[in-house]
Amino acid sequence: MELDIRGRNVSLTDPLAHLVRRRLDFALGRHASEIRRVEVKLADVNGPRGGVDKECRVEVVLSHGGSVAAHGIDEHVRNAIDRAAHRAGRRVNRKLARVANSRRGERLSA
């Protein structure tokens with residue numbers, strides 16, 4: 001699973017990158033063999049004005065060609081990462097379950 005982390009108006013420190021890796025490993029780890037690439041974009045939308053504006057966008061590109069996107073927004077970047085990783089994990093589970101069910105259906109009808 002290839003991981004690409006980028007930041008816009010957010011200082012991407014080693015501890016923050018490590019946190020992103022840990023959260024995504026926890027949320028997506030059991031499907032790592034089905035995932036080709038994960039792109040994470042961290043942003044401070046309002047800049048120095050403050051507020052609920054830290055955003056984390058996650059795009060998961062699956063091996064079979066599909067992709068899943070999720071995002072989280074919060075006052076703190078850590079919470080935004082948690083939300084986005086959790087949502088991405090749920091969406092990948094759902095997408096792979098649909099793919100598996102459609103493959104089963106193809107085999108049964110053939």
Side-chain angles (χ1 to χ4, degrees):
M1 177 170 75
E2 179 185 329
L3 179 61
D4 181 28
I5 307 169
R6 298 173 190 237
R8 184 172 46 100
N9 298 328
V10 173
S11 58
L12 190 57
T13 62
D14 285 339
L16 188 59
H18 180 70
L19 174 72
V20 170
R21 282 187 198 93
R22 259 192 19 232
R23 296 293 193 246
L24 289 173
D25 278 343
F26 182 75
L28 303 172
R30 68 183 242 193
H31 298 299
S33 64
E34 299 285 332
I35 297 172
R36 180 180 302 154
R37 185 178 71 242
V38 180
E39 294 179 7
V40 179
K41 296 177 184 170
L42 302 173
D44 186 352
V45 179
N46 291 334
R49 290 179 286 177
V52 181
D53 65 342
K54 307 302 187 288
E55 183 177 43
C56 177
R57 292 189 174 273
V58 177
E59 183 178 358
V60 181
V61 179
L62 301 172
S63 297
H64 64 76
S67 67
V68 172
H71 85 282
I73 191 162
D74 197 275
E75 183 177 351
H76 304 286
V77 71
R78 296 171 72 93
N79 294 343
I81 292 167
D82 287 345
R83 288 180 184 182
H86 179 73
R87 289 175 179 159
R90 282 195 334 234
R91 290 178 183 169
V92 166
N93 282 338
R94 208 174 317 137
K95 177 87 168 186
L96 292 176
R98 282 190 210 127
V99 169
N101 286 338
S102 70
R103 286 182 185 161
R104 272 189 229 116
E106 288 173 7
R107 278 186 263 150
L108 292 176
S109 64

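Cluster annotation: V77 is connected to L19 through the hydrophobic network of ILVMFWY side chains, with a link wherever side-chain heavy atoms come within less than 4.5 Å. In the hydrophobic clustering of this structure, V38 groups with L12; members are Ile, Leu, Val, Met, Phe, Trp, Tyr whose side-chain heavy atoms approach within less than 4.5 Å, directly or through other members. Linking ILVMFWY residues whenever their side-chain heavy atoms come closer than 4.5 Å, directly or via other members, leaves I5 and I73 in distinct clusters. Using a 4.5 Å cut-off between side-chain heavy atoms of Ile, Leu, Val, Met, Phe, Trp and Tyr, with links allowed through other members, V99 and L28 fall into different hydrophobic clusters. Residues V20 and M1 are members of one and the same hydrophobic cluster, defined by side-chain heavy-atom contacts under 4.5 angstrom among Ile, Leu, Val, Met, Phe, Trp and Tyr.
Going from atom CZ of R37 over to atom CG of L62 covers 11.0 Å, rounded to the nearest 0.5 Å. Here the NZ atom belonging to K54 is positioned 7.0 Å from the CD atom belonging to E75, to the nearest 0.5 angstrom. For the atom pair C56 SG and R87 CZ, the distance stands at 10.5 Å (nearest 0.5 Å). Here the NZ-CZ distance, from K95 to R98, works out to 7.0 Å after rounding to the nearest 0.5 Å.
Screening residues 1-10 for salt bridge (Lys or Arg N to Asp or Glu O under 4.0 Å) gives D4-R6 as the qualifying pairs, with residues at least two apart or on separate chains. For residues 22-31, the pairs satisfying side-chain hydrogen bond (donor to acceptor under 3.5 Å, both in side chains) are R23-D82, H31-N93, with sequence neighbours left out.
Residue I81 is tested with V58, V40, L24, L42 for a side-chain contact (heavy atoms from CB on, under 4.5 Å); the sole match is L42.
Contact between A84 and G72 at its shortest, heavy atoms only, is CB-N, 3.6 Å.
More than 12 heavy atoms of other shown residues, nucleotides or ligands fall within 6.0 angstrom of atom NE2 in H64.
Put simply, the side chain of D53 gets close to the backbone of N46: a donor and an acceptor are under 3.5 Å apart. Checked by atom type and distance alone, the side chain of R36 pairs as donor or acceptor with a backbone atom of S63 at under 3.5 Å.
Side-chain contact between E59 and V68 is absent, with no heavy-atom pair separated by less than 4.5 Å.
In this view, E55 and R57 satisfy the side-chain hydrogen bond (donor to acceptor under 3.5 Å, both in side chains) rule, not counting sequence neighbours.
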